[in-house]
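Below is one structure; the comments refer to it alone.
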Amino acid sequence: MTFRLHNTLTRSLEPVPTPESGPLLLYTCGPTVHGRAHIGNLRTFVAEDCLRRHLESKGQAVRHVMNITDVDDKILAKARDAGSSLAAFTAPFVEAFHGDLARLNVRPAHAYPRATAYIEPMIELVRRLQGRGVTYAVDGSVYFRVDAFPAYGRLAGLDVAGLRAGGSGRVDADEYEVKEHVRDFVLWKAAHPQDVASWPSPYGRGRPGWHLECSTIAMAELAETIDLHCGGVDLIFPHHENEIAQSEAATGRPFVRHWLHTEHLQVAGAKMAKSLGNLVTLSELEAQGADPLTVRFYLLTGAHYRKKLHFRAQDLAGAQEALGRLAGFWRRCAAIAQAGGPAQGQAADDPLGGLAATARQRFEQALDDDLDVPGGIAAAFDLVRDGNRLLDRGEAGPAGAAAAAAALAAVDDILACIRPTADQQLDDGPLTPTARELIDRREAARRRGDYAAADRLRVELRALGIALEDQPQGTRWRRVG
Ligand code: AMP
Ligand code: ZN
């Protein structure tokens, strides 16, 4: 494939791996559902969506799995404090997460397996590792012995001997003081008497370690060797390093062919993080008047995915203006193309046709070069500026306009926000909050496969005079009598 991506494992640009048969297997680490996802998390999920869309736009079939971490120490503690069962505590956050993704026009993964639905296969993986002699048990918890896996540290580029516990901070949540070595990590964690949930196992009641969850789900839902595995840079160590150790120690095969990590969204110089209390959620931005598609555009174009993006709320106004320019040009061209007329000729003879072809090619080349969205979008803006000039001077006709609209449609296969913004500009007035909420709830129902609920919500919306159309780029609405 002409598409080259940075591989964290080799620290170099490499062609995206192509599967020998079947779809490309893509695993993306999903959210930990003890609160609303913040726009930092969403930056990662939107970047992963861009990756998937670019692969699919090139004709590469993809099977995409994203786990939902619905058990860990923090979730258990918060559920206990709330006096809730684990399932009741996490359900609204899972639903809100799907709503966020839908409003950001993220293509749904083919499966969203929850950790709590995979306890048996996780225990099975611990058993397998036990059989390989790489584990030890202390007081009902089972640990992975890092010394038993010589390749440990390769992904993160770490000197194993010098490793300290800490990493992303998440490691602490999974640690007990009884490990033989500080870098060993827990596979199965003994239950605490106050835990609101625990599961029986050969080692006693407990719960799986966070890393074990992703290894198990990726292997169960995809394969023992997967093509692409993604997450934010905070997951490189220890999470992904530990996933590799467990999976490869169990199977004796490479776990992942290509690792992709996205840089963080920052606020005032610090990573946006649940633990730092500097969160901004998509709903908060919407309450301040931001359109989710503008947020998507901002997250994708604000910086290359391997660069930090420094969030400032005022930058959304610039993003809205820029997206509006793209959408306005798209509408202008679509209208001219549709009107046709005597000037209709070949796109090749129309100067706008030439500009459109160049923009399209530059955009694809930029995306092929490690998903360079900012570089690609610059090509689209050149088309808008020069194309508007040609149209203003009457130097371009319907064929050129059609080619320009088609070029923007190709850009929007990946950006997935220009055309819906242009359509929204055409909608006759904003949605009422009730209609907006019903549309979001229906989208969430559709994503979790609850088609009966989705159909009921469609009927409710129809009664409000809103008709829905499900399209590959998401659900669109229009007013009906
Ligand atoms: P979590 O819900 O904490 O498990 O994180 C879900 C995803 O969001 C993971 O891929 C993280 O690496 C990613 N993530 C967390 N914080 C940020 C941030 N500030 N910017 C970008 N991605 C993030
Ligand atoms: Zn994971």
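What you see is a predicted model, and the numbers here were worked out from it, not measured in a lab.
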Are any side-chain N or O atoms of [X] and backbone N or O atoms of [Y], one a donor and one an acceptor, separated by less than 3.5 Å?
X	Y	answer
Arg114	Val71	no
Glu241	Ile236	no
Arg11	Leu155	yes
Asp413	Ser57	no
Asp369	Gln365	no
Asp227	Thr18	no
Asp440	Gly99	no
His264	Lys307	no
Gln246	His211	yes
Asn278	Ala273	yes

Looking only at heavy atoms, what is the nearest atom pair of [X] and [Y], with distance?
X	Y	result
Leu282	Asp100	CD2-O, 3.8 Å
Ala337	Ala401	N-CB, 4.1 Å
Arg107	Arg52	O-NH1, 3.6 Å
Ala416	Asn105	O-ND2, 2.9 Å
Tyr298	His310	OH-O, 3.5 Å
Ala290	Val295	CB-CG2, 4.3 Å

If you measure from the Lys or Arg side-chain nitrogens to the Asp or Glu carboxylate oxygens, is any gap between [X] and [Y] under 4.0 Å?
X	Y	result
Lys74	Asp72	no
Glu460	Arg442	no
Glu443	Arg103	no

* To do: Before giving the answer on side chain to side chain contact (heavy atoms under 4.5 Å, CB included), spell out for Leu101 and Tyr112 the whole-Å C-alpha distance, their side-chain angles and the decisive distance to 0.1 Å.
  => CA-CA 12 Å; Leu101 293 192; Tyr112 289 100; 3.7 Å; yes
Heavy-atom distance under 4.5 Å between the side chains of [X] and [Y], does that happen here?
X	Y	answer
His6	Tyr305	yes
Asp370	His304	yes
Glu221	His110	no
Thr90	Thr116	no
Asn7	Trp259	yes
Asn67	Tyr118	no
Arg360	Leu383	no
Asp49	Arg296	yes

* Report, as yes or no, whether the 6.0 Å neighbourhood of atom CD on Gln338 holds more than 12 heavy atoms from other residues, nucleotides or ligands. => no
* Can you establish whether the number of heavy atoms outside Gln314 located under 6.0 Å from its atom CD is more than 12? => yes
Distance (rounded to the nearest 0.5 Å) between [X] [atom1] and [Y] [atom2]:
X	Y	atom1	atom2	answer
Leu309	Leu265	CG	CG	5.0 Å
Glu248	Arg253	CD	CZ	11.5 Å
Ile244	Tyr152	CD1	OH	9.5 Å
Thr294	Glu286	OG1	CD	10.5 Å
Leu293	Thr421	CG	OG1	4.5 Å
Leu391	Asp386	CG	CG	11.0 Å

* To do: Dump the intermediate steps for side chain to side chain contact (heavy atoms under 4.5 Å, CB included) on Cys230 and Leu26, then the final yes or no.
  => CA-CA 8 Å; Cys230 312; Leu26 169 67; 3.7 Å; yes
* To do: Would you please classify the geometry between the Trp210 ring and the His239 ring as parallel, tilted or perpendicular, with 30° and 60° separating the classes?
  => parallel
* In terms of ring plane angle, is the pair His240 and His261 parallel, tilted or perpendicular, where the classes change at 30° and 60°? -> tilted
Does any donor atom in the side chain of [X] or [Y] lie under 3.5 Å from an acceptor atom in the other side chain?
X	Y	result
Ser12	Thr10	yes
Glu213	Thr69	yes
Glu224	Thr251	no

* To do: Determine, step by step, whether Arg446 and Tyr451 satisfy the side chain to side chain contact (heavy atoms under 4.5 Å, CB included) criterion, reporting the C-alpha distance in whole Å, the side-chain angles of both residues, the deciding distance to 0.1 Å, and the verdict.
  => CA-CA 6 Å; Arg446 223 157 63 89; Tyr451 299 110; 4.0 Å; yes
* Evaluation steps, salt bridge (Lys or Arg N to Asp or Glu O under 4.0 Å), between Arg332 and Asp392 -> CA-CA 11 Å; Arg332 182 179 191 188; Asp392 291 346; 2.9 Å; yes
* Could you please spell out the steps behind the side chain to side chain contact (heavy atoms under 4.5 Å, CB included) verdict for Leu316 and Gln288? => CA-CA 11 Å; Leu316 288 175; Gln288 292 159 19; over 6 Å; no
* Asked: Does anything in residues 31-66 pair up under ring-ring contact (aromatic ring centres under 6.0 Å, His included), and if so which pairs, sequence neighbours excluded?
  -> Phe3-His54, Phe45-Phe97
* Identify, with sequence neighbours excluded, every residue that meets ring-ring contact (aromatic ring centres under 6.0 Å, His included) alongside Phe149. => none
